[in-house]
There are 2 protein chains.
Amino acid sequence: MGNIRATFRSQCDNSHAMDARFPLSNTESPWLPFESRRRARDEKREAVLRAAVQLFLEQGYHRATLNDVAKRLNITKPALYNYFRGKDEILFECWSIGHELVDDCIGETSAGGGSGLDKLRKLTIRYAELMTTDYGKSLVRFDLRDLSEHNRKIVQTAKRRIDRAFRDYIAIGIADGSVKPCDPKLAAFAIAGSLNWIGHWFQPGGELTGHAVAEEFAIRLTEGIATTSMRKKADKPPRKGNVGNASREDGSEHHARAAAGAAGQSKRARGRLR
Amino acid sequence: MGNIRATFRSQCDNSHAMDARFPLSNTESPWLPFESRRRARDEKREAVLRAAVQLFLEQGYHRATLNDVAKRLNITKPALYNYFRGKDEILFECWSIGHELVDDCIGETSAGGGSGLDKLRKLTIRYAELMTTDYGKSLVRFDLRDLSEHNRKIVQTAKRRIDRAFRDYIAIGIADGSVKPCDPKLAAFAIAGSLNWIGHWFQPGGELTGHAVAEEFAIRLTEGIATTSMRKKADKPPRKGNVGNASREDGSEHHARAAAGAAGQSKRARGRLR
DNA sequence: ACTATTTGTTACCCATGGGTAATATACGGG
DNA sequence: CCCGTATATTACCCATGGGTAACAAATAGT
């Protein structure tokens with residue numbers, strides 16, 4: 001591929017006063033390899049996060065050392081600092097991915113139609129399923145106080161937004177008659193509490209699939225406040241795909257990326273550090 | 001009141017060969033002062049636990065240092081080692097107190113009458129209220145992996161017992177017809193999850209009292225699976241007393257003590273260390 | 001082939017905090 | 001008054017682990 005310097009030299013040889021800012025042979029953009037390097041970098045970055053979130057969940061943030069994370073990736077600790085400023089930033093990025101996934105759920109649910117109760121059920125299912133994945137668990141298992149002041153503010157704000165979504169759907173449901181009158185705040189706490197707790201007890205290898213848990217919880221948690229009884233019990237076979245971790249393996253990375261902008265001040269995809 | 005020394009001297013004065021091992025005036029047992037010393041010790045021990053549980057909740061177990069705990073008690077770190085073997089033992093004892101309180105709830109609920117649903121509601125209320133107290137929060141906010149192998153086993157066993165209580169009440173309720181047929185395991189997870197989550201969001205100074213939260217949750221969490229609708233909404237004014245922390249201030253320390261034996265291998269009240 | 005950049009390594013620093021040893025003080029009992 | 005015990009203090013040890021500096025190897029572009 002022609003590069004700028006070669007082009008420039010040939011121009012000098014020909015004694016033409018053509019400006020180097022307009023190279024002739026441009027068949028292959030010099031930007032492509034740069035992009036591929038950047039992508040390789042991002043893939044490594046995400047590999048770090050996958051290893052980190054697993055270790056943080058397995059052992060707890062404080063017991064899991066950066067040496068552990070590095071060892072799992074067959075590198076050494078200082079290499080991690082090519083991708084992250086420090087341990088707490090890794091934690092934040094794990095949390096951030098989880099939050100992007102939640103924001104997807106909320107966005108899609110809000111965009112879709114249906115009554116307040118329908119929205120609440122849809123969000124409940126998707127949120128429950130998310131809680132059975134690593135990045136979903138990040139949202140409820142990690143301690144905000146391990147983050148820097150700045151990142152903690154971001155997370156707190158985002159958490160309030162999630163809580164608001166539940167409350168809003170309940171309030172909408174009360175307004176449109178699909179939900180029995182109740183205190184939206186406490187009802188949201190009750191539902192979100194049950195769902196969040198999934199992230200504490202669910203084990204991927206157990207007798208229950210994440211999808212089965214999600215379906216059951218969606219019924220259980222909403223039947224108390226629903227005006228309609230919903231005893232149809234749709235018996236569609238459990239979907240195979242897993243949200244979160246698993247789906248990120250198959251190359252469809254736009255899923256998480258799409259909502260990156262909506263995830264508040266999350267600075268993911270900010271590129272290199274130095 | 002005559003003291004032992006005076007009595008002894010008068011005996012010698014009378015030149016009687018009476019053995020000092022059988023003093024005449026025994027109106028005050030020499031064991032009393034020893035007992036009082038032991039009680040003073042136990043009071044200090046519990047003061048340490050109160051300070052510790054507060055700090056562990058405020059800052060998290062790993063960020064809270066033993067120096068912090070000691071400073072709050074106006075002593076220094078090594079003094080703590082007169083009462084505990086180490087930091088993880090303090091954590092375990094905090095957890096242990098919480099567990100004794102839960103065991104009280106379960107014991108009283110099981111002893112009392114009523115249908116399975118009644119028991120479930122009773123336990124739900126008491127458990128929810130407990131989750132608004134410091135020692136109650138210990139049960140769900142502290143990480144088992146910070147405990148020693150031995151103590152972790154104890155805690156895990158006890159946690160399973162708590163879970164079992166919820167499941168059993170639900171199963172009883174299904175059997176006696178007070179609860180709709182459902183999977184007791186998942187229903188228990190759903191209810192206990194909501195309740196446990198209270199320990200994460202409840203702030204004692206907020207707009208809601210622990211009792212109000214407990215009443216509301218007991219209704220919300222059981223109305224979905226109850227066969228009877230229970231729309232009487234008993235409007236009795238909220239009780240004043242707080243379970244846990246507060247009630248321990250008023251001198252009725254038998255509350256926690258009574259179930260000490262039932263709390264599994266909890267070695268509380270084992271007295272001095274050395 | 002040559003050079004600059006990226007990415008990784010080895011070897012180190014050092015703040016933190018749990019835990020201990022030596023020691024001083026208070027106190028009850030004889 | 002003296003002694004033993006309990007309790008507290010000061011002064012330390014040291015393993016841990018996050019973070020950094022200096023340097024080496026891989027790689028892309030020219």
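By convention in this document, chain letters (A, B, ...) are assigned in the order of the sequence lines, proteins followed by strands, and residues within each chain are numbered from 1.
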- Query: Within a radius of less than 6.0 Å around CZ of A:Arg63, do more than 12 heavy atoms belonging to other residues, nucleotides or ligands occur?
  - Reply: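 It does: A:Arg63 CZ has more than 12 such atoms within range.
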
Between [X] ([atom1]) and [N] ([atom2]), how many Å, whole number?
X	N	atom1	atom2	answer
A:Glu89	D:dG19	CD	C1'	14 Å
B:Arg63	C:dA15	CZ	C1'	17 Å
A:Ile75	C:dT6	CD1	C1'	14 Å
B:Leu91	C:dG18	CG	C1'	14 Å
A:Asn67	D:dA15	CG	P	17 Å
B:His62	D:dG18	NE2	C1'	15 Å
A:Leu73	C:dT9	CG	P	11 Å
B:Asn82	C:dA22	CG	P	16 Å

- Query: Across the strands shown, which category fits A:Ala64 at heavy-atom distances under 4.0 angstrom: base, sugar-phosphate, nothing?
  - Reply: sugar-phosphate

Nearest-nucleotide pick for [X], side chain only, options being [options]:
X	options	value
B:Pro78	D:dT7, D:dT10, C:dT9	D:dT10
B:Tyr81	C:dT20, D:dA21, D:dG18	C:dT20
A:Leu66	C:dG18, D:dT9, D:dG18	D:dG18

According to a strict under-4.0 Å criterion, is [X] in side-chain N/O contact with OP1 or OP2 of [N]?
X	N	answer
A:Thr76	C:dG8	no
B:Arg41	D:dT7	yes
A:Tyr83	C:dG8	yes

- Could you check whether the rings of B:His200 and A:His200 sit parallel, tilted or perpendicular, using 30° and 60° as the cut-offs?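 Because their plane-to-plane angle lies in the 30° to 60° range, the rings of B:His200 and A:His200 count as tilted.
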
- Base D:dG18 to side chain A:Lys77, donor-acceptor N/O within 3.5 Å cut-off: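 Pair found.
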
- B:His99 side chain near B:Tyr135 side chain, heavy-atom distance below 4.5 Å: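 They are not in side-chain contact.
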
- Should B:Trp95 and B:Leu147 count as side-chain neighbours, where that means a heavy-atom distance under 4.5 Å? no

- Between B:Asp143, B:Asp88, B:Leu55, which is the residue that forms a side chain to side chain contact (heavy atoms under 4.5 Å, CB included) with B:Tyr61?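 Single side chain to side chain contact (heavy atoms under 4.5 Å, CB included) partner of B:Tyr61 among B:Asp143, B:Asp88, B:Leu55: B:Asp88.
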
